[in-house]
2 protein chains.
Amino acid sequence: MTDPHSRYETMLAHLKARGGRLTSQRLALLQLLSVSEGHPNAAQLHDQLQAQFPAISLATVYKTLTLLKEEGEVFEIDLGSESHYDGHKPYPHPHLICRQCQKIMDGDDIRRMDAVLQEIRERYDFQVLQSQLVFYGVCRDCRQEA
Amino acid sequence: MTDPHSRYETMLAHLKARGGRLTSQRLALLQLLSVSEGHPNAAQLHDQLQAQFPAISLATVYKTLTLLKEEGEVFEIDLGSESHYDGHKPYPHPHLICRQCQKIMDGDDIRRMDAVLQEIRERYDFQVLQSQLVFYGVCRDCRQEA
DNA sequence: CTACTTGCAAAGCCTTTGCAAACTA
DNA sequence: TAGTTTGCAAAGGCTTTGCAAGTAG
């Protein structure tokens, strides 16, 4: 489910099912999202797409990202001023952001997160539907340098 | 530490210690932050301050909030498009936001959160310094209505 | 051919900045 | 009085919107 090819196929299937048109710009963005290791923002995606489509606009990138968000095929990471996008794990999951190298890491497989969700349900009687969980700090690599 | 009066005094002390001037606009904002139960945004604070200072500008509100953030006397809740401010618990803590009534609730005292932080340290070898944790969903009151 | 998509430019939103006037200490 | 702070207006950064031209189906 996380390998590039099947992610691409899944996103494509959702676009088709929705009745959207498979323009070359869209296909290239799906490709990019399913391949890129990091968590790019709209500008970074736009930059990379310009290699293939010198005239592609940022608006097109945003419009396609909105589509994919609606289809649940991309997860938007809300940071203070901008958003980054995760096309590999299109569901809510924690992220760890290094204040030194700015790297954004996935924090899925924090096993004890389930216990937190359960506690929120029980103690606060609150039904969680979505989340934006970001931990800021210093990553292993940057700590080893110091 | 969470009662309005001592919060006000603490914020005031920090402002003084920093050498900042105690203008009436600033004092009114401290007052407001220490009293308000919810988690207001800059515009809401501005609206309320206009009762006392019809000409107060949004810029002044932002500038004072920046000061208080730097002093660690207010916690900024980064939501997608805007920020809200917590003057009662000026340290990072989770928030629960109801998608129905838009209420923002404190999610401090989630006891199992400590275990999550410990797991992040151990499994990811990541040193957490700060966090922005927001859970979106449906609160008790709104669920009872349905 | 028709309806959807693109690219461009303009607009929107929240927040920050520059600067003269006002004010604290 | 000297140095901060205020209010106003303008600018900034990211994202969205309007619309004519282009294109998938």
Side-chain angles (χ1 to χ4, degrees), chain A residues 11-30 32 39-71 74-85 102 104 132 134, chain B residues 11-30 32 39-71 74-85 102 104 132 134:
Chain A
M11 292 189 201
L12 192 56
H14 274 261
L15 250 195
K16 277 184 185 163
R18 187 195 167 100
R21 293 191 175 170
L22 309 180
T23 66
S24 45
Q25 291 91 332
R26 284 184 176 178
L27 296 179
L29 179 52
L30 297 201
L32 201 49
H39 298 78
N41 61 20
Q44 291 166 335
L45 292 166
H46 180 243
D47 283 352
Q48 295 204 58
L49 289 170
Q50 282 188 312
Q52 289 179 64
F53 304 93
I56 193 172
S57 74
L58 208 37
T60 295
V61 174
Y62 277 112
K63 284 168 185 166
T64 304
L65 286 170
T66 299
L67 267 186
L68 291 170
K69 280 189 284 173
E70 286 173 8
E71 289 300 308
V74 113
F75 178 68
E76 179 174 7
I77 309 165
D78 265 5
L79 304 186
S81 48
E82 55 170 5
S83 288
H84 285 246
Y85 299 88
Q102 316 305 324
I104 301 178
Q132 284 288 341
V134 182
Chain B
M11 292 189 202
L12 192 56
H14 275 260
L15 251 195
K16 277 185 188 164
R18 186 194 168 102
R21 293 192 175 168
L22 309 180
T23 66
S24 45
Q25 290 93 331
R26 285 184 175 176
L27 295 179
L29 179 51
L30 296 201
L32 201 49
H39 299 77
N41 61 22
Q44 291 167 336
L45 292 165
H46 181 243
D47 284 352
Q48 295 203 59
L49 289 170
Q50 283 188 311
Q52 287 180 67
F53 304 92
I56 193 173
S57 75
L58 208 36
T60 296
V61 174
Y62 278 112
K63 285 168 183 165
T64 305
L65 287 170
T66 299
L67 268 187
L68 292 170
K69 280 188 285 174
E70 286 172 9
E71 289 300 309
V74 112
F75 178 69
E76 179 175 7
I77 309 165
D78 264 4
L79 303 185
S81 48
E82 55 169 7
S83 288
H84 286 246
Y85 299 87
Q102 315 306 325
I104 301 179
Q132 283 290 339
V134 181

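Heavy atoms only: backbone and side chains are in, while hydrogens, waters and symmetry mates are out. By convention in this document, chain letters (A, B, ...) are assigned in the order of the sequence lines, proteins followed by strands, and residues within each chain are numbered from 1.
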Inset, instruction - Please list, chain by chain and in numerical order, all residues satisfying side-chain hydrogen bond (donor to acceptor under 3.5 Å, both in side chains) with A/Q48, sequence neighbours excluded. - result: none

Inset, instruction - Residues of residues 42-49 of chain B with any non-hydrogen atom less than 4.0 angstrom from an atom of DNA chain C: list those, numerically ordered, please. - result: none

Legend entry - Listed partners of B/H14 passing ring-ring contact (aromatic ring centres under 6.0 Å, His included), at least two apart: none

Legend entry - Counterpart residues, side chain to side chain contact (heavy atoms under 4.5 Å, CB included), relative to B/D78 (two or more places apart): B/E76, B/S83, B/Q132

Inset, instruction - Take the protein atom CG of B/L79 and the nucleotide atom C1' of D/dC14, then report the distance between them rounded to whole Å. - result: 16 Å

Legend entry - Sequence-distant partners of A/E82, side chain to side chain contact (heavy atoms under 4.5 Å, CB included), two or more places apart: A/N41, A/H84

Legend entry - For atom CG of B/L15 and atom C1' of C/dT24, their distance in whole Å: 13 Å

Sub-3.5 Å pairs of nitrogen or oxygen atoms, protein against nucleotides 20-25 of chain D:
unit_1: D/dA24; atom_1: N3; unit_2: A/R21; atom_2: NH1; d: 3.0
unit_1: D/dG25; atom_1: OP1; unit_2: A/L22; atom_2: N; d: 3.3

Legend entry - Where at least one partner belongs to residues 15-30 of chain A, residue pairs that pass side chain to side chain donor-acceptor pair (under 3.5 Å), sequence neighbours excluded: A/R18-A/E70, A/R18-A/E71

Inset, instruction - Using salt bridge (charged side-chain N to carboxylate O under 4.0 Å, His left out) as the criterion, list what pairs up with B/K63, not counting sequence neighbours. - result: none

Legend entry - Between D/dT6 (P) and B/L65 (CG): distance, integer Å: 12 Å

Inset, instruction - Using atom CD of B/E82 as one end and atom C1' of C/dC13 as the other, report the distance to the nearest whole Å. - result: 10 Å

Legend entry - Counterpart residues, side-chain hydrogen bond (donor to acceptor under 3.5 Å, both in side chains), relative to A/S81 (two or more places apart): none

Legend entry - Gap between atoms NZ and C1', on B/K16 and C/dT24 respectively (whole Å): 14 Å

Set out, line by line, the N/O atom pairs under 3.5 Å between protein and nucleotides 17-22 of chain C.
unit_1: C/dG18; atom_1: O6; unit_2: B/K63; atom_2: NZ; d: 3.3

Inset, instruction - Name the residue closer to the 5' end of DNA chain C, choosing between A/L67 and B/S83 according to the nucleotide with the nearest heavy atom. - result: A/L67

Legend entry - Contacts of B/H46 that satisfy ring-ring contact (aromatic ring centres under 6.0 Å, His included) - sequence neighbours left out: none

Legend entry - Gap between atoms CG and C1', on B/L27 and D/dT5 respectively (whole Å): 13 Å

Inset, instruction - Measure the distance from CD on A/Q52 to C1' on C/dG7 and round it to the nearest whole Å. - result: 17 Å

Inset, instruction - Could you tell me which non-hydrogen atom of B/L27 sits nearest to which non-hydrogen atom of B/L22, and how far apart they are? - result: CD1-O, 4.0 Å

Legend entry - Whole-Å distance separating the NE2 atom of B/H84 from the P atom of C/dC13: 15 Å

Legend entry - Partners meeting side-chain hydrogen bond (donor to acceptor under 3.5 Å, both in side chains) with B/S57 (sequence neighbours left out): B/T60

Inset, instruction - Answer whether the closest heavy-atom distance between the side chains of B/L65 and B/L67 falls below 4.5 Å. - result: no

